[in-house]
Amino acid sequence: MIKLLILDVDGTMTDGGVYYDATGNELKKFAIKDGAGIVLARAAGIQVMICTGRACEAVRRRAADLHIEYLYQNVADKAAFLRGFLAEHHFSREQAAYCGDDLNDLAAMALCGFVACPADAVDAVRRRADFVCPHRGGEGAVRDAIEEILTREGRYEAAARTAFGVEPDQ
């Protein structure tokens with residue numbers, strides 16, 4: 001059973017674009033449906049981690065808005081970082097899931113029992129993934145990955161009831 005979901009940001013939670021306003025602030029667009037998916041994951045007891053190679057205030061704010069348990073930015077070597085994190089927090093490979101889109105995610109993906117990627121991930125990541133999301137990064141791919149995990153594990157309906165008080169049609 002998945003207990004930890006690890007998310008890349010650029011190209012996974014976002015469309016991968018980097019936007020700057022007139023004063024130089026970096027802006028990112030996050031999909032609201034992905035946020036609802038994270039609420040579903042948390043309702044099912046899955047802890048969520050953002051692990052990204054860049055740092056941005058918008059990411060910190062999104063993580064805070066969604067009450068994401070773990071936020072790590074400026075992680076140069078995701079695999080080395082995750083290897084230590086998983087051991088320290090006693091997560092087995094089978095309890096960890098990863099959703100990412102690019103070559104810098106591949107080594108970290110190898111540490112996880114379930115791997116998903118957005119529809120527009122690079123070919124090497126698409127070949128490695130257990131599930132290729134129907135949506136592109138920043139357009140609902142994270143929600144796709146979460147629903148796939150919960151459906152495979154028979155936890156989707158209970159999570160929807162807990163999070164939103166509804167009985168979803170499957």
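Reckoned from all heavy atoms, side chains included, excluding hydrogens, waters and symmetry mates.
In this structure, M109 and L82 have side chains that are not in contact, with every pair of non-hydrogen atoms separated by 4.5 Å or more. A heavy-atom distance below 4.5 Å is not found between the side chains of L4 and I46. Taking 4.5 Å as the limit, some side-chain heavy atom of V75 sits within range of a side-chain heavy atom of C51. T14 places a side-chain heavy atom less than 4.5 Å from the side chain of F30. Counting heavy atoms from C-beta outward, H67 and R42 have side chains that approach closer than 4.5 Å. Considering only heavy atoms from C-beta on, Q47 stays 4.5 Å or farther from H89 through its side chain.
Considering all non-hydrogen atoms of both residues, D130 and G113 come closest at OD2-O, 3.8 Å. Of all non-hydrogen atoms in G11 and D120, the two that sit nearest each other are O-OD1, 4.4 Å. Of all the heavy atoms in D34 and M13, the pair that sits closest is OD2-O, 4.1 Å.
Under 4.0 Å is where a charged nitrogen must lie from a carboxylate oxygen, and between K33 and D144 no such pair does. D10 and K28 are joined by a salt bridge, as a carboxylate oxygen and a charged side-chain nitrogen come within less than 4.0 angstrom of each other. Contact check on K78 versus D105 returns a salt bridge, with a Lys/Arg side-chain nitrogen under 4.0 Å from an Asp/Glu carboxylate oxygen. Salt-bridge formation is not detected for the pair R161/E157: no Lys NZ or Arg NE/NH1/NH2 atom is positioned less than 4.0 Å from an Asp or Glu carboxylate oxygen.
Note: I38 CD1 to I146 CD1 = 5.0 Å, rounded to the nearest 0.5 Å. Note: C133 SG to E139 CD = 12.0 Å, rounded to the nearest 0.5 Å.
At a threshold of 4.5 Å between side-chain heavy atoms, the hydrophobic network of Ile, Leu, Val, Met, Phe, Trp and Tyr places L86 and F114 in two separate groups. Hydrophobic clustering (ILVMFWY, side-chain heavy atoms < 4.5 Å, transitive): I6 and V9 are in distinct clusters. No continuous path of hydrophobic side-chain contacts links I149 to V115 [ILVMFWY only; heavy atoms under 4.5 Å]. Hydrophobic cluster membership differs between Y98 and L71, with clusters built from Ile, Leu, Val, Met, Phe, Trp and Tyr side chains linked at under 4.5 angstrom. At a threshold of 4.5 Å between side-chain heavy atoms, the hydrophobic network of Ile, Leu, Val, Met, Phe, Trp and Tyr places L106 and L7 in two separate groups.
No side-chain donor-acceptor contact under 3.5 Å links Y19 and E26. In the model, N25 has no side-chain atom that pairs as donor or acceptor with a side-chain atom of Y20 under 3.5 Å.
Counted within 6.0 Å of CZ on R61, heavy atoms from surrounding residues, nucleotides or ligands total 12 or fewer; the atom is thus considered open.
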Side chain to side chain contact (heavy atoms under 4.5 Å, CB included) for F164 and L40? Distances and angles first, verdict last. CA-CA 8 Å; F164 304 113; L40 279 170; 3.8 Å; yes
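A ring-centre distance under 6.0 Å is found for F81 and Y72.
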